[in-house]
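By convention in this document, chain letters (A, B, ...) are assigned in the order of the sequence lines, proteins followed by strands, and residues within each chain are numbered from 1.
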There are 2 protein chains.
Amino acid sequence: MKISFDVSRVRPGAVAGVYPAKCATRTVLDHVTSKWGVLVLLALQQDSLRWGELRRSIEGISEKMLASTLRTLESDGFVNREAQATIPPRVDYELTARGHQLADRLVPLMDWIADNADEITGAPAFPLAKAGESSF
Amino acid sequence: MKISFDVSRVRPGAVAGVYPAKCATRTVLDHVTSKWGVLVLLALQQDSLRWGELRRSIEGISEKMLASTLRTLESDGFVNREAQATIPPRVDYELTARGHQLADRLVPLMDWIADNADEITGAPAFPLAKAGESSF
DNA sequence: CAGTATCCTTTCAGATACTG
DNA sequence: CAGTATCTGAAAGGATACTG
């Protein structure tokens, strides 16, 4: 695929948000914002978790996607995998220092989204009457 | 699809990171972390941009995906579309107050990623010798 | 328990052509 | 200029079965 990209035609003020299509920043951003990346990182933010705990913590994730997401986050150095050769095996996953730095930036984002999601989607879980309004 | 999800089997400390599969939080998260969502939001963070400017600001985005991403962000109330019925038409896109709140949480994340991406991907653009090291 | 391997469906996303 | 419509190939992702 040929990408034509003439920076001179981009408005100067907007250049701060410009990243080349194949730069490291976009690659890492794609890993983090992959379908399950944020959820896995946040699940590990408080404690290390075993494979099964992690899987149960993230409703809807398949084994395949959990494995794949963990391998990516591991290879980026966000997650550390610790396997014990016991029977049955026990494998713990934890954030690395780098993973914690990243998660620290994800928490405010996720908190804000969680706080505002109902209003954004227009489907409040508990449609409360506003102050001054009456339900009669 | 049947989803079985037994919260009692999730470790107590991990519950903070648990979101039901089909909750508003996940929906909004998916919109924001869609392939182009973050890049569009950040491109608009400093200034409003016209359609063409926006398209040129985000290297690699197709018209289809720009349109689709903008419609989603618009319907979530993050982006405002202002069309002028001139010939040729001029359409500006800008963040709403809600969009700015969100972007304010995305900036630290993106800055951190941009600052660390080269090290994370292991392909530094400028492999500098560390202090104390010599290239001889 | 902690995964892999495989198959298969669905969705994503690019290219192209067209419109007001 | 600012889009929409349609087609198609690529990729993501789920279900299932299997393994150390």
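Spacing between atom CD of A/Glu82 and atom P of C/dA2 amounts to 14 Å, rounded to whole angstrom units. The distance between atom CE of B/Met65 and atom P of D/dA5, rounded to the nearest whole Å, is 16 Å. Whole-Å rounding puts the B/Arg55 CZ to D/dT4 P distance at 13 Å. Here the P atom of nucleotide D/dA2 and the CD atom of B/Glu74 are 15 Å apart, to the nearest Å. For the pair A/Ile58 CD1 and D/dG13 C1', the computed distance is 15 Å after rounding to whole Å. Between B/Lys35 atom NZ and D/dA12 atom P there is a gap of 9 Å when expressed in whole angstrom units. Going from atom CG of B/Leu66 over to atom P of D/dA5 covers 16 Å, rounded to whole Å. Atom pair B/Ile61:CD1 and D/dG3:P shows a separation of 12 Å (rounding to whole Å applied).
Of the candidate nucleotides D/dG3, D/dC1, D/dG14, D/dG14 has the atom nearest to the side chain of A/Ser62. Out of C/dG20, D/dG20, D/dG14, the shortest distance to the side chain of A/Pro89 is found at D/dG20. Taking the side chain of A/Lys64 as heavy atoms from C-beta on, and the options D/dG13, D/dG3, C/dC1, the nearest nucleotide is D/dG13. Side-chain proximity of B/Trp36 to the nucleotides C/dT4, C/dG14, D/dG3 is greatest for C/dG14. The nucleotide whose nearest atom lies closest to any side-chain atom of A/Arg90 is, among D/dA2, C/dA2, C/dG14, C/dA2.
B/Arg81 has a side-chain polar atom (N or O) that falls below the 4.0 Å cut-off from OP1 or OP2 of D/dG3. Between A/Arg71 and C/dT4 there is a side-chain N or O to OP1 or OP2 distance below 4.0 Å.
With salt bridges taken as basic N to acidic carboxylate O contacts below 4.0 Å, none links A/Arg26 and B/Glu59.
Mapping B/Glu63 and A/Glu63 onto DNA chain D by nearest heavy atom places B/Glu63 at the nucleotide closer to the 5' end.
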Worked check of side-chain contact (heavy atoms from CB on, under 4.5 Å) between A/Asn80 and A/Asp92: CA-CA 8 Å; A/Asn80 187 38; A/Asp92 287 272; over 6 Å; no
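Side-chain atoms of A/Glu119 do not come within 3.5 Å of backbone N or O of A/Asn116 as any donor-acceptor pair. Listed for the B/Ser48 side chain is no donor-acceptor partner under 3.5 Å among the backbone atoms of B/Leu44.
When the options B/Thr72, B/Thr69, B/Asp76 are evaluated for a side-chain hydrogen bond (donor to acceptor under 3.5 Å, both in side chains) with B/His31, the one that passes is B/Asp76.
A 3.5 Å limit on both hydrogen-bonding distances identifies D/dC1 as the Watson-Crick or G-U partner of C/dG20.
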